[in-house]
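Have a look at the structure below before the remarks.
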Amino acid sequence: MYNHEQIEKKWQKYWEENETFKVGIDKNKKRFYMLVEFPYPSGVGLHVGHGRVYTASDVQARFKKARGYNVLFPMGWDAFGAPAEQYAIKNHIHPSEAVKENIEVFKGQMKSLGLSIDWSREFSTTDPEYYKLTQKQFLEFYKAGLAYKAEKEINWCPNCKMGLSNEDAQGGVCERCGTETTKKLKNQWVLKMSKYADKLIDGLDDTDFLDKVKTAQINWIGKSIGASVNFPIQDTEDCLEVFTTRCDTLFGVTFMVISPEHPYIEKYKDRINNLEEIRKYQEQAAHKSEIERTDNTKEKTGVVLQGLKAINPVNNQEIPIWVSDYVLSTYGTGAIMAVPAHDDRDYEFAKKFNIPMIQVLEEETGQKKENETKKNSIVAVLYDDQSNQYLTINWHENGGRLLIGGTIKEKETPLECAIREIKEETGYTNFELVKEGFKINHHYYAYNKNQYFNIECTTFLFKLNSMDQQAQQLDNDEKFDIEWVSKDVIEREIKDELHQKAFQYVTSSNAMIGDGIHIHSDFINGLNKEDAIHKMLHFLEKNQIGKQQVNYRLQDWIFSRQRFWGEPIPMIHCDDCGWVPVPDEELPVVLPNVQAYEPTDTGESPLANITDWVNVLCPKCGKQAKRETDTMPNWAGSSWYWLRYMDPHNENEIASKEALDYFGKVDLYDGGMEHATRHLLYARFWNIFLHEQGFVPNSEPFLRRISHGMILGPNGDKMSKSKGNVVNPNDMIKAYGADALRTYEMFIGDYSKDAAWNESGLRGCHKFLNRVWNLQNKLNDNLGYTKKLETIIHKTIKKVTEDIDRLDYNTAVSALMILLNEYEKEKSITKEDYRIIIQLLNPFAPHITEEINEICSLGDLLCNTPWPVYDSNKVIEETYEMVVQVNGKVRGKVEVERDTSKEDMEKLALDIENVKNHIEGKEISKVIVVPKKLVNIVVK
RNA sequence: ACCAGCCUGGCGGAAUGGUAGACGCGAUGGACUCAAAAUCCAUUGGUAGUAAUAUCGUGAGGGUUCAAGUCCCUUGGCUGGUACCA
């Protein structure tokens, strides 16, 4: 058994003393930038989940180094944030003290994992030298007109006197103290990120992010192309402006909805007759989070605005205005036109409040033909709630199973027709109407009349009250059975498109959101959705009612936080000059060293209480002025840190031009899926801006983005302190060594997926390394590879190389285990054999492999040795196992030469005893031969 | 509710449309030992059979194909993210 403690210390010391992983600009070498999201150094320390991520990055870094790249693999600390501030409030120490301690713990843990990090590039976002540059970059945003002050709502806890994130205010309750939160308007700094929405979408083309990451970003930005339409408010000069992606449904608008925060409520409060009711509703909405308001499982709420009406500009219809919290003030104009027939949310709202619907789009079924005869018809569904069955008509071979259908006669309403048809065809007499579904536009051909028809079909659902039945009144040619069947049978057996669709409409409670042709829509009647949108847009613009508009979900970035432990925003407010940037030479604006960090009653940052810090002279006019006391969000420091690693000790700029040009962009960026939208978008936005200002050479900062899975506790739950299932890497390293821990964390499963911790698995990897160690006893003096092992060695080199490239770490380790198994079957192995396995294993288990290499004098230090290459001629086996199938089932296997011909393969296959048994007495209809693989004999 | 992803033995997980379960853990039996640990050897998806072999089997139901864990449709469950986005 090897002594891991001693070996690991030895090699970690060696790497540190020899600066093995220190990297500089070397223009003769290709560079590779491996970045992993830097951690927030909490008091808890690393857990094995971090270990997985850092190990994987380290494997990649060591591998790329061996392949000849100049590898930049840095680490730093994202150390601003609330936990350190809370700690400071409690203990009356400066947060930087807590941060310093935590960093030491984290760094110690990382070092004991044996990571090949260039520690000379380490920094923390809380270093004044670093945040000086963060402040400088903020001022660049300000100078470019991209930073502005605006009134924005925050979640506010009246007890903690603190602004809260949505996350901390979940369920309208402060996470810290349980007090009900309110909303508070604050004047805040905002970055104009929305201006970059299109650039953030287009820039994705220059990246190699995982598809799901790209999708997440595109959905977050939420670009939609539509129209803004103005609905005049009756007896006022004002219009209610709405954004819609479906201006083709304007003729189906039956009401308007505005958000509870809409300014018109204030503006027209004197004309609103039920203001008290509205106020009450606003109050309720204020306590709900956007997530609650946007939860579609909850019932819709709302109040109609009495005293104000809107006018539909396309037909001058007067329509009511409702107030409801399903409309958000933060998206679009905070007001919508509601088309209940063609929008699910409006549909649900209209149903709850009994607001009428107008269907303006009919789905088309069947094939459209020339010379169609027009007809009106019905399809009716009769439901029996006693048996939970529906009535069908079974025509057997003359048309299969259908619902009740028929043509509307002259002077008959569709409803009258439906009732008549049910009575005539089925004889049932006692039933009542439940609902009328959407109309369908159907095309079909009637064989008996040799004619094409186009029908407008109205759909109905009736409920049976009793089984009373008269004799049916049928024509002579009507031969069918009436049958009660379940929903299941209907969905399976009714093949007719019209009847299928009709059944769907009357039994589901959704709006009709698909495409079709327009009805009841004046000048767009008969057009499909796309054409109707075009024509409507044209109409809106011509009549100055509205215009085409692009809308984004992406909002501007609120950049203010009312906290102490963040980068001070370097602005000074002067009563005469307004907002004035802190002059360059006075940066950084450093956080003062004080005794108390409690927040203020007014919701301002604790900095506001430190008067000798706040009061300054205006840089412009020299009069008394005040510093901005808000600080930057946590996301600020992480929005450019990868640039700093390129030249971390540069005092004046982000990094030197030389370093920026050489290291360029991050090649591989590893982080969690939870950062796929916010952090990654902020970082890209920041970088695109810096590029436009000429500070950095690339517009996109990251080439490839991958996401890793979590390590779950042994019980499959997320690891957390409160669940008591956190596994500390220190304990594992002590018991089994860093190499075993690293190997296990790579072997545990697919790197992109979550995996549950299992210490037995770790023991297995420890055993594996020990067996590799014990190969020392098998060395012989022969040269070269052992002949018998040659193929498997080359195959393993290929497999491990490709797997690391693909991030398939688990199968790479497994390939090495297989190689070891083969070695162990041999009586003895050569030094070359031994050297190759430890070389391939080195990125995973760097300490023990280096030690074996030294003890057995196998060659140069592994950390300085190029990655092995395989000989593609030696990867292929001489023979292979040919599989023989009969009708796709394996019936035999036979070992054959590599280059056996198709004919011979077939012959050999037919010669197998078991295969003969399975084809005996049957006719061979086909033989499929896949060279170097299998033969499949198809028999009848 | 929406978006994304996932679902394979007792467990973690392998499988360019071509032998399902590589590799590891665990379990069972055996060797070594006074004994245990460690180590080594053998077996290990279910069912039937001494065996050869047969049969079932990748959440469920359909489909495409000579051949489906893999592709298509429908559906259930789990996880993550979120925004009723008009």
Side-chain angles (χ1 to χ4, degrees), chain A residues 1 166 210-213 215-216 218-220 222-224 226 242-246 249 257 290-298 300 324-328 330-339 343-346 348-349 491-492 551-555 672-678 707 709-710 712 714 716 718 744 747-750 752-765 767-768 770-771 774 808 810-811 813-818 820-821 824 881-893 913-914 917 925-930 932-939:
Chain A
M1 186 69 65
N166 281 337
L210 285 176
D211 278 343
K212 63 174 174 177
V213 174
T215 308
I218 288 168
N219 289 348
W220 185 277
K223 181 176 185 170
S224 57
V242 302
F243 173 77
T244 176
T245 51
R246 292 297 303 274
T249 60
V257 188
E290 281 201 359
I291 296 162
E292 271 178 287
R293 283 171 59 161
T294 58
D295 187 343
N296 212 2
T297 52
K298 301 220 168 100
K300 297 264 183 294
S324 174
D325 61 11
Y326 83 91
V327 172
L328 301 178
T330 49
Y331 182 79
T333 60
I336 63 155
M337 60 178 226
V339 187
D343 181 283
D344 281 331
R345 291 153 299 166
D346 301 345
E348 204 193 312
F349 192 86
E491 279 164 0
R492 210 172 39 238
N551 220 21
Y552 301 93
R553 189 200 82 96
L554 182 72
Q555 292 166 30
M673 205 49 205
E674 70 274 19
H675 291 140
T677 47
R678 283 178 298 172
S707 74
M710 276 182 296
L712 307 173
K718 213 169 178 170
Y744 173 58
F747 184 62
I748 194 166
D750 185 331
S752 65
K753 288 184 200 154
D754 295 351
W757 181 261
N758 177 3
E759 201 169 322
S760 308
L762 171 54
R763 275 196 289 273
C765 287
K767 201 163 107 181
F768 163 65
N770 203 39
R771 281 160 61 200
N774 289 335
D808 289 339
N810 56 336
T811 48
V813 174
S814 132
L816 290 166
M817 288 173 170
I818 294 169
L820 172 67
N821 289 343
E824 285 181 339
E881 193 176 50
M882 183 182 87
V883 172
V884 181
Q885 302 178 328
V886 178
N887 286 346
K889 285 193 172 169
V890 180
R891 297 301 181 191
K893 295 167 190 178
E913 205 55 39
N914 195 38
N917 293 339
S925 58
K926 204 179 194 179
V927 178
I928 284 126
V929 182
V930 184
K932 296 192 173 65
K933 213 155 247 163
L934 59 72
V935 175
N936 186 13
I937 301 158
V938 186
V939 295

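By convention in this document, chain letters (A, B, ...) are assigned in the order of the sequence lines, proteins followed by strands, and residues within each chain are numbered from 1.
- Rounded to whole Å, atom P of B:rU19 lies 14 Å from atom CE of A:Met882.
- Residues passing the side chain to side chain contact (heavy atoms under 4.5 Å, CB included) test with A:Arg246, sequence neighbours excluded: A:Thr244, A:Asp248, A:Thr249, A:Leu361, A:Lys529.
- Spacing of P atoms, B:rG45 relative to B:rC25, comes out at 16 Å, to the nearest Å.
- When the P atom of B:rA22 is taken as reference, atom CG of A:Leu820 falls 18 Å away, rounded to whole Å.
- Residue contacts shown for A:Asn821 are limited to sugar-phosphate atoms, with no base heavy atom under 4.0 Å away.
- Here the CZ atom belonging to A:Arg553 is positioned 4.5 Å from the CH2 atom belonging to A:Trp220, to the nearest 0.5 angstrom.
- Using a 4.0 Å heavy-atom distance criterion, A:Asn774 is classed as making no nucleic acid contact.
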Worksheet entry | Secondary structure of RNA chain B in dot-bracket form (Watson-Crick or G-U wobble, distances below 3.5 Å, | marking inter-strand pairs) | (((((((..(((.....[....)))((((((.......))))))((((....))))..(((((..]....))))))))))))....
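- Nucleic acid contact class of A:Val813 (heavy atoms, under 4.0 Å, all strands): none.
- You'll find that the side chain of A:Arg553 is closest to B:rA83, out of B:rA14, B:rA83, B:rA86.
- Residues passing the side chain to side chain contact (heavy atoms under 4.5 Å, CB included) test with A:Lys932 are A:Tyr880, A:Arg898, sequence neighbours excluded.
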Are there any protein N/O atoms within less than 3.5 Å of an N/O atom in nucleotides 63-66 of chain B, and if so, which ones and at what distance?
unit_1, atom_1, unit_2, atom_2, d
B:rC66, OP1, A:Lys926, NZ, 3.4
B:rC66, O2', A:Asn936, ND2, 3.3
B:rC66, O2, A:Asn936, ND2, 2.6

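- Rounded to a whole Å, the CZ atom of A:Phe243 is 14 Å from the C1' atom of B:rA83.
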Got a list of protein N/O to nucleotides 4-12 of chain B N/O distances below 3.5 Å?
unit_1, atom_1, unit_2, atom_2, d
B:rG12, O2', A:Ile748, O, 2.5

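- To the nearest angstrom, P of B:rU19 lies 16 Å from CD1 of A:Ile937.
- Comparing A:Trp220 and A:Arg763 by the nucleotide of RNA chain B that holds the closest heavy atom to each, the one mapping nearer the 5' end is A:Arg763.
- For the pair A:Asn770 CG and B:rA37 P, the computed distance is 17 Å after rounding to whole Å.
- Among the heavy atoms of the strands lying under 4.0 Å from A:Gly764 are primed sugar atoms or P, OP1, OP2 only; no base atom is included.
- Glycosidic conformation of B:rG9: syn, with the torsion inside 90° of 0.
- Rounded to whole Å, the C1' atom of B:rU28 lies 40 Å from the corresponding atom of B:rG80.
- Rounded to the nearest Å, the gap between the C1' atom of B:rC3 and that of B:rU8 is 26 Å.
- The shortest heavy-atom contact between A:Val242 and A:Met337 is CG1-N, 3.7 Å.
- Residues passing the salt bridge (charged side-chain N to carboxylate O under 4.0 Å, His left out) test with A:Asp343 are A:Arg345, sequence neighbours excluded.
- Backbone-only engagement by A:Asp750 is indicated by non-hydrogen atom pairs under 4.0 Å involving sugar-phosphate atoms exclusively.
- Distance from the side chain of A:Thr811 is smallest to B:rA14 among B:rU19, B:rA14, B:rG24.
- A side chain to side chain contact (heavy atoms under 4.5 Å, CB included) with A:Ser814 holds for exactly one of A:Ile818, A:Leu816, A:Asn810; it is A:Ile818.
- B:rA31 and B:rA48 are spaced 33 Å apart, taking the C1' atom of each and rounding to whole Å.
- Ring pair A:Trp757/A:Tyr744: centre-to-centre distance below 6.0 Å.
- A:Arg345 has a side-chain polar atom (N or O) that falls below the 4.0 Å cut-off from OP1 or OP2 of B:rC85.
- In plain terms, the two heavy atoms of A:Ile748 and A:Ala756 that are nearest each other are CD1-O, 3.6 Å.
- Here B:rG18 is the nucleotide among B:rC25, B:rG18, B:rG24 with the atom lying nearest to any side-chain atom of A:Lys933.
- The CG atom of A:Asn810 sits 5 Å away from the P atom of B:rA14 (whole-angstrom rounding).
- Shown here are the side-chain hydrogen bond (donor to acceptor under 3.5 Å, both in side chains) partners of A:Thr245, two or more places apart in sequence or in another chain: there are none.
- Among all heavy-atom pairs drawn from A:Ile336 and A:Asp346, the shortest one is CD1-OD1, 3.6 Å.
- Among the heavy atoms of the strands lying under 4.0 Å from A:Leu934 is at least one base atom, whether or not backbone atoms are also near.
- With values rounded to the nearest 0.5 angstrom, A:Tyr331 atom OH is found 5.0 Å from A:Phe243 atom CZ.
- Every side-chain hydrogen bond (donor to acceptor under 3.5 Å, both in side chains) that A:Asn821 has, sequence neighbours left out, goes to A:Arg771.
- OP1 or OP2 of B:rG18 has not a single side-chain nitrogen or oxygen of A:Lys932 nearer than 4.0 Å.
- Between B:rU53 and B:rG61, the distance separating the two C1' atoms is 31 Å to the nearest Å.
- Remark: A:Val930 engages A:Ile928, A:Lys933, A:Leu934 in a side chain to side chain contact (heavy atoms under 4.5 Å, CB included) (not counting sequence neighbours).
- Taking atom P in both B:rG49 and B:rG24, one finds a spacing of 31 Å when rounded to whole Å.
- For the side-chain hydrogen bond (donor to acceptor under 3.5 Å, both in side chains) test, residues two or more places apart in sequence or in another chain that qualify with A:Thr811 are A:Asp803.
- Inter-residue side-chain proximity for A:Val935 and A:Ile937 is flagged as met; some heavy-atom pair is nearer than 4.5 Å.
- Residues satisfying the ring pair (Phe, Tyr, Trp, His ring centres under 6.0 Å) criterion with A:Phe349, sequence neighbours excluded, are A:Phe255, A:Trp322, A:Tyr326, A:Phe353.
- For the P atom pair drawn from B:rA15 and B:rU19, the interatomic distance equals 13 Å after rounding to whole Å.
- Look at CG on A:Asp211: it is 17 Å from P on B:rC3, rounded to the nearest Å.
- When the P atom is compared between B:rA22 and B:rG77, the two are found 32 Å apart, to the nearest whole Å.
- Between A:Ser707 and A:Leu210, the shortest heavy-atom distance links the atoms N-CD1, 3.8 Å.
- One atom, CD of A:Glu348, and another, C1' of B:rC2, lie 14 Å apart when rounded to the nearest Å.
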Can you pull every protein N or O that's under 3.5 Å from an N or O on nucleotides 54-57 of chain B?
unit_1, atom_1, unit_2, atom_2, d
B:rA54, OP1, A:Arg891, NH1, 2.9
B:rA54, OP1, A:Asn914, ND2, 3.2
B:rA54, OP1, A:His918, NE2, 3.4
B:rU55, OP2, A:Arg891, NH1, 2.9
B:rU55, OP2, A:Arg891, NH2, 3.4
B:rC56, OP2, A:Lys889, NZ, 3.4

